[in-house]
Q: 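Have a look at this one.
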Amino acid sequence: MPIDRTIVAIPGSLRRGSLGRALLNAISDSLPEHVSMTILEAGDLPVYDADVVTEWSVRIKDIQNTVQAADGIIVSTPEYNGSYSGYVKNTIDWLSYGTNPFRGKPSVAVAVAGGVAGGADAVSHLLPVLMRLESPYMPSPRLNVPSAGSAFDDSLQLTDETVQRRIDSFVPAFLAWVERFAGTV
Ligand SMILES: Cc1cc2nc3c(=O)[nH]c(=O)nc-3n(C[C@H](O)[C@H](O)[C@H](O)COP(=O)(O)O)c2cc1C
């Protein structure tokens, strides 16, 4: 079956051993054949600074086009001090410079966290950001991974069957959410 839907994933952590990226890979592995996922890489961008936008304009356009071309957005964030990461907010801020590729584009946030709450606060804090950007946000099901260090093995493969079952429910729900808005932006 040809690929006819594209999801862009916005990671919230840069580190090589990121469990948030491992979660995105596990989601990607669970997608049906006709859906592809691109992980947006924006780690080369500096902290948002209006004084440097001109020198970064080509790069900004590039990441904005990637989001614009997608049918849906998954934002992945670690929980840092009870909220989302600075990196994920920086990426979102650059993406919204001078335009808004989030407008009308269905989105959801997922989280990993060291604690038992699984990054629920990080996700809750991202919700108003994505709503401010006029992205229709999938209210449920949520996908947070508590005690994330024990959900993946040393090769960053998901080993937690409960999390896999939650991904198995999350993926079709999000794809159905994406279909609701397909062709509207
Ligand atoms: C600065 C910092 C703050 C953190 N704050 C929290 C927190 O408030 N709650 C929590 O459950 N985990 C917290 N953690 C743990 C991270 O959420 C966890 O290590 C996560 O796996 C990091 O994401 P990553 O693996 O994608 O890099 C914190 C970690 C760091 C480095």
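Counting convention: from 1, in listed order, for ligands and their atoms alike. Numbering starts at 1 and runs along the sequence shown.
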Q: Salt bridge between Asp168 and Arg165, side-chain N to carboxylate O under 4.0 Å?
A: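 Result for this pair is no, no salt bridge flagged.
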Q: What is the ring orientation for Tyr48 with Tyr97, classed by angle as parallel under 30°, tilted 30 to 60°, or perpendicular over 60°?
A: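 Rings of Tyr48 and Tyr97: tilted, 30 to 60°.
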Q: If you have a sec, work out which protein heavy atom is nearest atom 8 (O) of ligand 1 and how many Å separate them, to one decimal?
A: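 Result: Gly82 N, 2.9 Å.
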Q: Ignoring hydrogens and geometry, is there a side-chain-to-backbone donor-acceptor pair from Ser135 to Lys105 under 3.5 Å?
A: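 At least one qualifying donor-acceptor pair exists.
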Q: Quick check on Asp44: does its CG atom have over 12 non-hydrogen neighbours (other residues, nucleotides or ligands) under 6.0 Å away?
A: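 Yes, CG of Asp44 has more than 12 neighbouring heavy atoms, counting only those of other groups under 6.0 Å.
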Q: Kindly indicate whether the side chain of Phe174, heavy atoms from C-beta on, has any atom under 4.5 Å from the side chain of Leu143.
A: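 Sidechains of Leu143 and Phe174: no contact.
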Q: Does the protein put any heavy atom within less than 4.0 Å of atom 19 (O) of ligand 1?
A: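 Given the 4.0 Å cut-off, atom 19 (O) of ligand 1 does not count as touching protein heavy atoms.
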Q: If every non-hydrogen atom of Ser85 is compared with every non-hydrogen atom of Thr77, which pair is closest and at what distance?
A: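 Heavy-atom minimum between the residues: N-OG1, 3.1 Å.
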Q: At less than 4.0 angstrom from any non-hydrogen atom of Pro78, what atoms of ligand 1 do you find?
A: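 Answer for ligand 1: 22 (C), 23 (O).
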Q: Going by the atom numbers of ligand 1, which of them fall below 4.0 Å from some non-hydrogen atom of Ser13?
A: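 Those atoms are 24 (P), 26 (O), 27 (O).
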Q: Determine the minimum heavy-atom distance between Ile167 and Ala26, stating which atoms define it.
A: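 Looking at all heavy atoms of both residues, the shortest contact is CD1-CB, 3.8 Å.
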Q: Which pair of non-hydrogen atoms, one from Trp94 and one from Ile60, has the smallest distance, and what is that distance?
A: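 Scanning both residues completely, I find the closest heavy atoms to be CZ3-CD1, 3.2 Å.
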Q: Can you tell me the protein heavy atom closest to atom 26 (O) of ligand 1 and the distance?
A: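 Here the closest protein heavy atom is Ser18 OG, 2.6 Å.
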Q: Which of the atoms in ligand 1, numbered in the order shown and given with their element, are less than 4.0 Å from a heavy-atom of Gly114?
A: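 Counting atoms of ligand 1 from 1, those under 4.0 Å from Gly114 are 10 (C), 11 (O), 12 (N), 15 (C), 16 (C), 17 (O), 18 (C).
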Q: Pick, from Asn144, Leu19, Asp121, the option with the minimum heavy-atom distance to atom 24 (P) of ligand 1.
A: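 Residue with the shortest heavy-atom distance to the ligand atom: Leu19.
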Q: Which ligand 1 atoms does Gly115 reach within 4.0 Å, using its non-hydrogen atoms?
A: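 Matching atoms, with element in brackets: 10 (C), 11 (O), 12 (N).
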Q: Could you check atom 2 (C) of ligand 1 against the protein and tell me its nearest heavy-atom contact, residue, atom and distance included?
A: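 Minimum-distance protein heavy atom for atom 2 (C) of ligand 1 reads Tyr80 CD2, 3.6 Å.
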Q: Return the option from Arg21, Arg15, Glu79, Arg16 holding the heavy atom at the smallest distance from atom 9 (N) of ligand 1.
A: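 It is Glu79 whose heavy atom sits nearest to atom 9 (N) of ligand 1.
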Q: Distance to 0.1 Å, residue and atom name: give those for the protein heavy atom nearest to atom 1 (C) of ligand 1.
A: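 In this structure, atom 1 (C) of ligand 1 has Asn81 ND2, 4.1 Å as its nearest protein heavy atom.
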Q: Is Gly20 in polar range of ligand 1, meaning some N or O pair under 3.5 Å apart?
A: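 Right, the criterion is met.
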